[in-house]
Amino acid sequence: MGYYGGDFDVIVVGAGHAGCESALAAARMGSKTLMITINLDMVAFMPCNPSIGGPAKGHVVREIDALGGEMGRNIDKTFIQMRMLNTGKGPAVHALRAQADKFSYQHTMKETLESQPNLTLRQGMVEDLIVEDDKCVGVITMAGTEYRAKAVVLTTGTYLRGKIIMGELMYESGPNNQQPSVQLSHNLKKLGFELVRFKTGTPPRVNKNTVDFSQMEIQPGDENPKFFSYETKSSDNEQLPCWLTYTSAETHDIINANLQRAPMFSGVIEGTGPRYCPSIEDKIVRFSDKPKHQVFLEPEGKSTSEYYVQGLSTSMPEDVQVQIVRSVPGLQNAEIMRNGYAIEYDAIVPTQLWPTLETKRIAGLFTAGQINGTSGYEEAAAQGIMAGINAVRKIQGKEPVILDRSQGYIGVLIDDLVTKGTNEPYRLLTSRAEYRLLLRHDNADLRLTPIGHEIGLISEERYQVFLDKKQKVENEIIRLKETKVRPSEINELLTSIGSAPIQDGSNLLTILRRPEVGYAHIDSFSPSEAGLDDEMKEQVEIQIKYAGYIEKQLLHVERLQKMERKKLPDNINYEVIQGLAIEARQKLAKIRPISIGQASRISGVTPADISILLVYLEHYNRVTAAGGPSIG
Amino acid sequence: MREQMLSDTIAAISTAVGESGIAVIRVSGPEAIASVEKVFRSKTKLTEADSHTVHYGFIIDPEKGEKLEEVLVSLFRAPRSFTTEDVVEISTHGGIISVKRVMDLLLEQRDIRLAEPGEFTKRAFLNGRIDLSQAEAVIDLIRSKSDRAFSVALKQVEGALSRKIGELRHTLVETLAHIEVNIDYPEHDVESMTTEFIKQKCSLVMQGIDSLLKTASQGKILREGITTAIVGRPNVGKSSLLNALARENKAIVTDIPGTTRDVIEEFVTINNIPLKLLDTAGIRETIDVVEKIGVERSKAAVDEADLILLVLNNAEELHEDEILLLKQLSGRPVIVILNKIDLPQQLDRSEVNRYFPEEAIVELSAKTEEGLDHLEGAISQLFFGGELESGDLTYVSNVRHIALLKRAKQSLQDAYEAADAGIPIDIMQIDVRLAWEQLGEVVGDSAPDALIDQIFSQFCLGK
């Protein structure tokens, strides 16, 4: 029956943000890669907001870039607005956010994929997996084509049994009326995977020629934009503003009068929606005392008149959507070009995955992105690159790459998913990270570029630039420490910036620790000869100013890593370990943590259970070393 | 997040708490010697002393400079110690007061934390000090000690303390959620959290912790003692016995303001042994239902007790409920009290003897207080005989709570000072969050997702 389509190392199913990173990583690491997707016009499509970044998400884009991924470079080429957020707060939470030109984002990414050696792009609907001896060795498409591979990465987004809902209207569909993937979902279930039903939504798009921006507040981009990629040094992209307006009392009345027609309340939606991305009807019901809600108008691109209406995500019927939109100041005459809608889809329960994103059930099968229960382009891309990397590492017989919670938001994201699971579409927040101060926007390269280089995703040239930066920063810190100053030399400067004069001799590093003193002050007083650029200066300043807090967090990290290094063998039978509480036993058997560290983060596993596991592990290791039987 | 640490420095009392001659506190880990050195004054410096040496000196409160206790300190350098880590053993005068003072002081040192149940043994095993064949025994020890400590700890934080800490935590989590929203949703129309506001909240919670610590040091809430249940049928004289013990031994009746009945506990000290008689309301309720021992509450009270005083009426024949009680309590630390000896004897003593030995039986009259000294003697006997060792779990649990409360306060103090020093809000948040987690540990609530839940219930967010 089957027609043979070819042999590959890695097959990536899907070409969204997870799929693109996955396929590029695999191909760049030397694997012969096939990317197969339902519609090649939808490569790197943004079905929801036309923006990338923000707190935690922007950090992730930096991390992807530091590892050698594409998202940062791609948005740097195609942004139409760039803003650094949280600049009034500490360095750990500075976050870059870009508005993308949706269309150029897609085209640019598609070009990159097309020109990537080792990578084949193919349009097709994957309906089934080829599984032999619990190993995934290929895929079968609707056309009956069999593609063989050593590893398969599924990045199905919201396509799995996708269903669009708008008021009373409901139909099977992927995002933006794309063809959904139905058969694959059934087949995953047949293979024994536990699936959940999630829901997300998107607001209407309006035609800018029908919008009265004079009733709105302008939100321009930064004058001197920063970039996501460490490789991007400058850009001449022209920026477009966003616009802020608010819902009115009328908006709330319209929604309240039509609640019985809202799928969220009429009961037709079975999927769980994210709390952090509620529809406007949800917001008005849950926070009924809030008189108005923000609405942002965001351009979808330079070559289109469509504007995304952030804040009005809704699955109300079309006629109600028109009323809602027109009740907002500035949108009184607005014409909707596309409706908002809710979309339901299948995801697999992510605790079925190893921290490499390989499924426990079927070797060689990896999943990444919304199929793992996350939401967001950045979260998807992060998993995509890790799944791609680990698929290749596995094929090459190399150690997997698993980032821990102190190495990156990517580590936090994947650890949360595979250790705790999620009961709503998972979004990264900076508050999910224990070591937020270490996981900064500015130091993603210090954290991850050595790894990217080692696995072959960061070029030698870029690595040398990185090493040079690192060295210069370290040298500068030493220089500041060794530069002694006498009160007579520096007190004038200190007094001029409202800082207390010093009584005895000091050094520049100590002076820079003062909250009111910036590196710029020091730089003007005693400039470095090494030619530091702004990024390096920022590094110096942060590393010195927050040294106390950073060291405190590093101490915790050291303990964390000790626990992570205590590996639990894959074949442990938790049923027979005496002394484990029943709940712990069940959870451990289900999650099968790879380390004591991961085990300690499973809810329901107590410190006493961990102590017992440690004793068991020690016994196991000693007995295994001696070749004897294990206890239990 | 609560971390399991593998190589930090831990301390615990390694002898049963009581009026024994000497109590020993054991400290193990890389900072053991240096940390003890900070609070120990002696002729030789511990950090320079040889392994397996004993040093005479005083434990000093380094802040106030005052001598707390006269002690002997033994030093065992790694790897020649029980845990194979650096170990310091501090021998103090026996008695709960001395040892507690030293222990509290040690736990105020930042590098030392209270050991988990069974942790010394665990370390000894993990470091290869204990033979492989003992692995299961080590596991059993950890399990049983942890379960017991858990039930004791849980019991202790019920009621008013738990509620009070819950309130403090709520203040903190609201503040945290607000900080987080400003960070994660910088463009949302949520009011900005100010440094001033955070300082206010920190002060408020610090005051709350202070008042908890104050009551703790006055022995009102976190009062240590052997949990003692007085059981028996109605009208056998339990209340009279309680009153007699209380009168004789200057009981402290505690009453936490603002609560009606939750934690009214009676403490008595008999021959320097602290007893915590179960809260009176509870006792009365226990009395009413003790005939139906299957009833959850009375059963729990009896199960949790370290010591049970079973009161029988000497002037009446044994009731069938009482025979049932005797049966069920046999094997537990029980003193059987034959009350009302001022009245003619009707009770068949041989029936009691079927379940309890003669030395566990005491005759007295709660009314005339005749024979009360026998009861006190019997309690001492049990205690020093080591049969009431579980009492120290209650104590340990108190030490843990106090140490955590102090640490939480310190964290808030750090946050407060950071605010004054112009540290950005997201960094200040680190210490506020730590305080929230430390308070959570006191009440056994450490769900990290609670903060994220709070963010989304407190604020309307989303695109």
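Labels below follow one simple rule: chain letters A, B, ... track the order of the sequence lines, proteins then strands, and each chain is numbered from 1.
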Measure the spacing between NZ of A:K552 and CG of B:D414 and express it to the nearest 0.5 Å. 5.0 Å

Engaged part of B:I423 at the chain A interface, taking heavy atoms whose separation is under 4.5 Å: side chain

Considering non-hydrogen atoms only, spot the tightest contact between A:R427 and B:Y185 and give its length. NE-OH, 3.6 Å

Can you find a heavy atom in the side chain of B:I452 that is under 4.5 Å from one in the side chain of A:R275? yes

Counting only heavy atoms closer than 4.5 Å, note whether B:I130 contacts chain A via side chain, backbone, both or neither. backbone

Starting at CG of B:D426, measure out to OH of A:Y549 and round the result to the nearest 0.5 Å. 10.5 Å

Of the backbone (N, CA, C, O) and the side chain (C-beta and beyond), which part of B:I179 lies under 4.5 Å from a heavy atom of chain A, both, or neither? neither

Portion of B:Q429 that has a non-hydrogen atom of chain A nearer than 4.5 angstrom: side chain

Between the side chains of B:E180 and A:R436, is the shortest nitrogen-to-carboxylate-oxygen separation below 4.0 Å, so that they form an ion pair? yes

Would you mind reporting whether A:K89 and B:N182 have side-chain heavy atoms less than 4.5 Å apart? yes

Would you say B:E187 and A:Q219 make side-chain contact, with heavy atoms under 4.5 Å? yes

Go through the atoms of A:R97 and report whether side chain, backbone, both or neither lie under 4.5 Å from a heavy atom of chain B. side chain

Could you look at A:A95 and say if it's the side chain, the backbone, both or neither that has a heavy atom under 4.5 Å from chain B? neither

Which one of B:D431, B:D189, B:V138 has the most heavy-atom pairs closer than 4.5 Å to chain A? B:D189

Give a yes or no answer on whether the side chain of B:R433 reaches the backbone of A:S431 with a donor-acceptor pair at less than 3.5 Å. yes

Beyond-backbone contact of A:E618 with B:N127, side-chain heavy atoms, under 4.5 angstrom: no

Between chain B and each of A:D609, A:D282, A:T430, count heavy-atom pairs under 4.5 Å; write down the option with the most. A:T430

Of all heavy-atom pairs linking A:P55 and B:P186, the shortest is CG-CD, 3.7 Å

For B:F459 and A:F287, work out which heavy atoms get closest and say how close. O-CZ, 3.2 Å

Which answer fits A:R513, side chain, backbone, both or neither, if we ask what part of it has an atom under 4.5 Å from a heavy atom of chain B? neither

So with a 6.0 Å cut-off around NZ of A:K292, is the heavy-atom count from everything else above 12? no

Greatest number of non-hydrogen atom pairs under 4.5 angstrom with chain B, of A:I612, A:L580, A:L85, A:T202, falls to A:I612

Rounded to the nearest 0.5 Å, what separates atom CG in A:L428 from atom CG in B:D184? 9.5 Å

Report yes if some heavy atom in the side chain of B:I430 is under 4.5 Å from a heavy atom in the side chain of A:Q553; otherwise report no. yes

Apply the side-chain contact (heavy atoms from CB on, under 4.5 Å) test between B:I139 and each candidate in A:V615, A:L613, A:L614; give the one that qualifies. A:V615

